[in-house]
Amino acid sequence: MNEYKLFWRELIREVVSKESGRSIDLEEIIAEIPPRPELGDLAFPMFPFAPLFRTSPKEIAERVAGAIKQDHHAETTYRKVEVQGSYLNIHLSRPIVSASILTRINKEGREYGRNSTLAGSKVMVEFSCPNTNKPLHLGHLRNDTLGMSISRIMQENGAAVLRVNLINDRGIHICQSMLAYREFGGNSTPEQEKLKGDHLVGEYYVRFNSWVKDNPEAEEAAREMLKAWEENQPEVRELWEKMNNWAIEGIEDTYRRTGISFDRIYRESETYQLGREEVFRGLEKKVFYREKDGSVWVDLSDQNLDRKVLLRSDGTTLYLTQDIGTAVQRQEHWPFDRLIYVVASEQRYHFQVLFQVLKLLGHQWAENLFHLAYGMVNLPQGKMKSREGTVVDADDLLDNLVSLAGKEIHDRERAGEVDDIRQTAEKIALGALNYYLLQASPYKDMIFNPAESILFTGNTGPYLQYTGARIASILRKFRERQASFSPARVKPELLTTEEEWEIIKLLASYPEVVNQAAVELNPAIITSHLYDLAKSFSRFYHDHPVLHNDDPDLVVTRIELVNSVLQVMRNGLSLIGVPFLEKM
RNA sequence: GCGUCCAUAGCUCAGUUGGAUAGAGCAACAGCCUUCUAAGCUGUGGGUCGCAGGUUCGAAUCCUGCUGGACGUGCCA
């Protein structure tokens, strides 16, 4: 669609320049999509030129329209130029646009929508970053699906992407679950308890928190354990290895189930010491300073960021120190042009400080760090609170969605039609979840209403999957009867209905949508476009039969259109973690 | 206190970066299955875009103030 916009903006720029006698910049010509399709396909407001022409925008629109109509050059790409109030509206030539779009999608297939705006740039995306003391919850699911989707969108725009995870496998909170396990666990294993490893570990984390209420000395015991861990005490290390493996195996099961994967996994136990050297460098450079007690600080109060500790008085590192180290390490491992941290918005301040500190250390690339601060996931009754047991567990939620999807399959009497009920239900559940989490703008807080998220009707992932499955079904039936339509030819000029034209326009603007999503780092732009496309398709095929048609040319032409819709849906769905289904 | 962010239909969310009569879904109501899957389609009702100013030919969108909310402001992560 951009090519048409650009063509017309250039033409109108030329005409307005000529008519007004002043050279107009291309940026001054604003192209819009009219609010209602009957008003045309492109619209150009003439308000900005009123002072220039010293006349009404309506009159300007008429003068420009008149001049364009005399321009034979433009005739092939428009059907009609008309003045609507103060707007100059263009109706594009439908056969020309349709033919060009269908040919292009047919030729490019999976490539359609890909572009090279980020070609040659290396983008690292950090996301997930789970703790190994408890299983994943709903908040992680938003993080994970955002990280995956953003990565894919960047790739679709030509970037080389490296997805990285930093597993938080050490620290006082890890020791807390270890301590509770040693105290109450009785050497039980996930196998014995028939529990996923991460859930077993999580139980002892919860156990610690109730235990410590009546036994404050447990807090001190955990600190001692952390010290023992840092001193490599064998028993503690052994327990840590064992429980960490349980937790990580469990978390990886959830990743597999939700289609999350990484190119490189960092572990905090291996990186937490990094950063200290950098802090010393900063001391030498005199951008940091040391207090009498030995702690090292950075003063960012001139930037409204206050003073921050970089090294404790006992010389140990902090979260911030580690992040300094890992950033430097990553730049060395894989020199990125951009590093996107997908981390909740509550850590905004932390990343502002981190980026400033790296700049003070003289790292040029610190300019290219970006915190994608996504909003909290809340429940209708308010915040999720682990202490009050209102945290929505990721595995439980998925199980719940899968069983509901399975029930739908039976209720709709599709059990005999789908290939594998269990697998289909799993994919529907995943589609519902990912779509729900991605359709809201990332930076905004969102409310996760379990009752609503499991709906499979309306603006949801399953609706997109359903539309895709319907298309797949039509195409299967076409292939079965293909012989009966031959000989037939694709004739784009046969696509004359408004419904078909709406589809064509949405197909045509898909590549810009993919680009826009990358510019804004916002997968919701994709979800919303795919929803519009599915909606338009549903309207179309409700009223206009594809196969049940007397004219074989029309049949194959509509098949071509339907095929294109499917291609774009598949391309788009792959960017938002909604599995495509041949049958549902 | 200070800082950052948010506020659009009863609920959950969009809103093409300042343009035409602010849109979807859910919920409510009314229709549509001898025809390619009714997880669908069509229609009705529902709005002081938090409030008050300002900038502009034009503001949900930009600026200021206010109100309400979230988050942050740890030698926690």
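Numbered from 1 within each chain, the chains take letters A, B, ... in sequence-line order. Everything quoted here is computed from the prediction, not taken from an experiment.
- Checked against ring pair (Phe, Tyr, Trp, His ring centres under 6.0 Å), A/F580 has no partners two or more places apart in sequence or in another chain.
- Considering only side-chain atoms of A/R539, the nucleotide from B/A24, B/C26, B/C41 that sits closest is B/C41.
- In B/C33 the base sits syn relative to the sugar, since the glycosidic angle is no further than 90° from 0.
- Across B/A28 and B/G68, the matching C1' atoms stand 30 Å from one another, rounded to whole Å.
- Using a 4.0 Å heavy-atom distance criterion, A/A50 is classed as making no nucleic acid contact.
- Rounded to whole Å, atom C1' of B/U16 lies 12 Å from atom CG of A/L42.
- At the heavy-atom level, A/Q352 lies nowhere under 4.0 Å from the strands shown.
- With both ends at atom C1', the span from B/C51 to B/G69 equals 15 Å, rounded to whole Å.
- For the side chain to side chain donor-acceptor pair (under 3.5 Å) condition, the pairs that include at least one residue of residues 36-53 of chain A, sequence neighbours left out, are A/R36-A/E38, A/D41-A/W501, A/D41-A/K505.
- Looking at heavy-atom distances under 4.0 Å, A/N549 makes no contact with the nucleic acid at all.
- Residue-level contact check: A/E32 touches the bases, meaning some heavy atom is under 4.0 Å from a base atom.
- As rounded to the nearest Å, B/A60 and B/A52 have P atoms that lie 13 Å from one another.
- Counting to the nearest Å, the C1' atom of B/A14 and the CG atom of A/N459 are 9 Å from each other.
- One can place CG of A/L311 at 18 Å from P of B/G74, the figure rounded to the nearest angstrom.
- Across all strands shown, A/I33 has heavy atoms under 4.0 Å from base atoms, whether or not it also approaches the sugar-phosphate.
- Nucleic acid contact class of A/L305 (heavy atoms, under 4.0 Å, all strands): none.
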Query raised in the report: What dot-bracket string describes RNA chain B from 5' to 3', counting Watson-Crick and G-U wobble pairs whose defining distances are under 3.5 Å, with [ ] for crossing pairs and | for pairs to another strand?
Result: (((((((..((((.....[...)))).(((((.......))))).....(((((..]....))))))))))))....
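- With hydrogens and angles disregarded, no donor-acceptor distance shorter than 3.5 Å links the side chain of A/H410 to the backbone of A/A415.
- Put simply, CD on A/Q84 is 14 Å from P on B/A20, counting in whole angstrom units.
- Annotation: B/G47 and B/C41 have their P atoms spaced 25 Å apart (nearest Å).
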Report summary line: Its contact letters, B for base, S for sugar-phosphate only and - for none at protein heavy atoms under 4.0 Å, make nucleotides 29-38 of chain B read ------SBBS
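- For the pair A/Y443 OH and B/C13 P, the interatomic distance rounds to 12 Å; values are reported in whole Å.
- The residue among A/Q322 and A/I409 whose nearest nucleotide of RNA chain B lies closer to the 5′ end is A/I409.
- For a distance-only test at 3.5 Å, the side chain of A/D445 fails to qualify as a donor-acceptor partner of the base of B/A7.
- Listed candidates were B/C26, B/U73, B/A39. Nearest to the side chain of A/D306 is B/U73.
- If you check every strand for non-hydrogen atoms under 4.0 Å, A/S295 touches a base.
- When heavy atoms are screened at a 4.0 angstrom cut-off, A/S313 is found touching base atoms of the nucleic acid.
- By the rule that a glycosidic angle within 90° of 0 means syn, B/U17 counts as syn.
- When heavy atoms are screened at a 4.0 angstrom cut-off, A/Y349 is found touching the sugar-phosphate backbone but no base atom.
- Salt bridge annotation for A/R476-A/E480: absent, with no cationic side-chain nitrogen under 4.0 angstrom from a carboxylate oxygen.
- Mapped onto RNA chain B by nearest heavy atom, A/A405 and A/K308 fall at different nucleotides, with A/A405 at the one closer to the 5' end.
- In this structure, the side chain of A/N89 does not engage the main chain of A/A43 through any donor-acceptor pair within 3.5 Å.
- Considering only residues two or more places apart in sequence or on other chains, A/Y349 meets the ring pair (Phe, Tyr, Trp, His ring centres under 6.0 Å) condition with none of them.
- A/Y463 comes within 4.0 angstrom of the backbone, heavy atoms only, and of no base.
- Residues A/N459 and A/Y435 bring a donor and an acceptor atom of their side chains to less than 3.5 Å of each other.
- Spacing of C1' atoms, B/C32 relative to B/U56, comes out at 48 Å, to the nearest Å.
- The only option from A/N244, A/D169, A/D198, A/N168 that meets the side chain to side chain donor-acceptor pair (under 3.5 Å) definition with A/T132 turns out to be A/N244.
- No side-chain donor-acceptor contact under 3.5 Å links A/T316 to the backbone of A/R312.
- For the P atoms, the distance linking B/C6 with B/C62 amounts to 9 Å, nearest Å.
- Just one of A/H544, A/R539, A/H542 meets the side chain to side chain donor-acceptor pair (under 3.5 Å) condition when paired with A/E499; it is A/H544.
- Rounded to whole Å, the C1' atom of B/G10 lies 37 Å from the corresponding atom of B/C2.
- Across all strands shown, A/S441 has heavy atoms under 4.0 Å from sugar-phosphate atoms exclusively, and none from any base.
- Residue contacts shown for A/P48 include a base, since a base heavy atom lies under 4.0 Å away.
- Note on ring orientation: taking the six-membered ring where Trp is involved, the planes of A/F355 and A/F351 are tilted (angle from 30° to 60°).
- With A/Y272 as the fixed residue, the ring pair (Phe, Tyr, Trp, His ring centres under 6.0 Å) test singles out one of A/Y266, A/Y319, A/W229: A/W229.
- Here the shortest heavy-atom pairing between A/M584 and A/P462 reads CE-O, 3.9 Å.
- Using a 4.0 Å cut-off on heavy atoms, the residues of residues 524-535 of chain A that approach RNA chain B are A/Y531, A/K535, listed by number.
- Distance check, rounded to the nearest 0.5 Å: CZ of A/F448 to CE of A/M376 gives 15.5 Å.
- Using a 4.0 Å heavy-atom cutoff across all strands shown, A/E480 reaches no nucleic acid atom at all.
- Between the CG atom of A/L318 and the C1' atom of B/G74 there is a distance of 9 Å, rounded to whole Å.
- Taking atom P on both nucleotides, B/A24 is separated from B/A20 by 15 Å, rounded to a whole Å.
- Using a 4.0 Å heavy-atom criterion, one finds that A/L166 contacts no nucleic acid atom at all.
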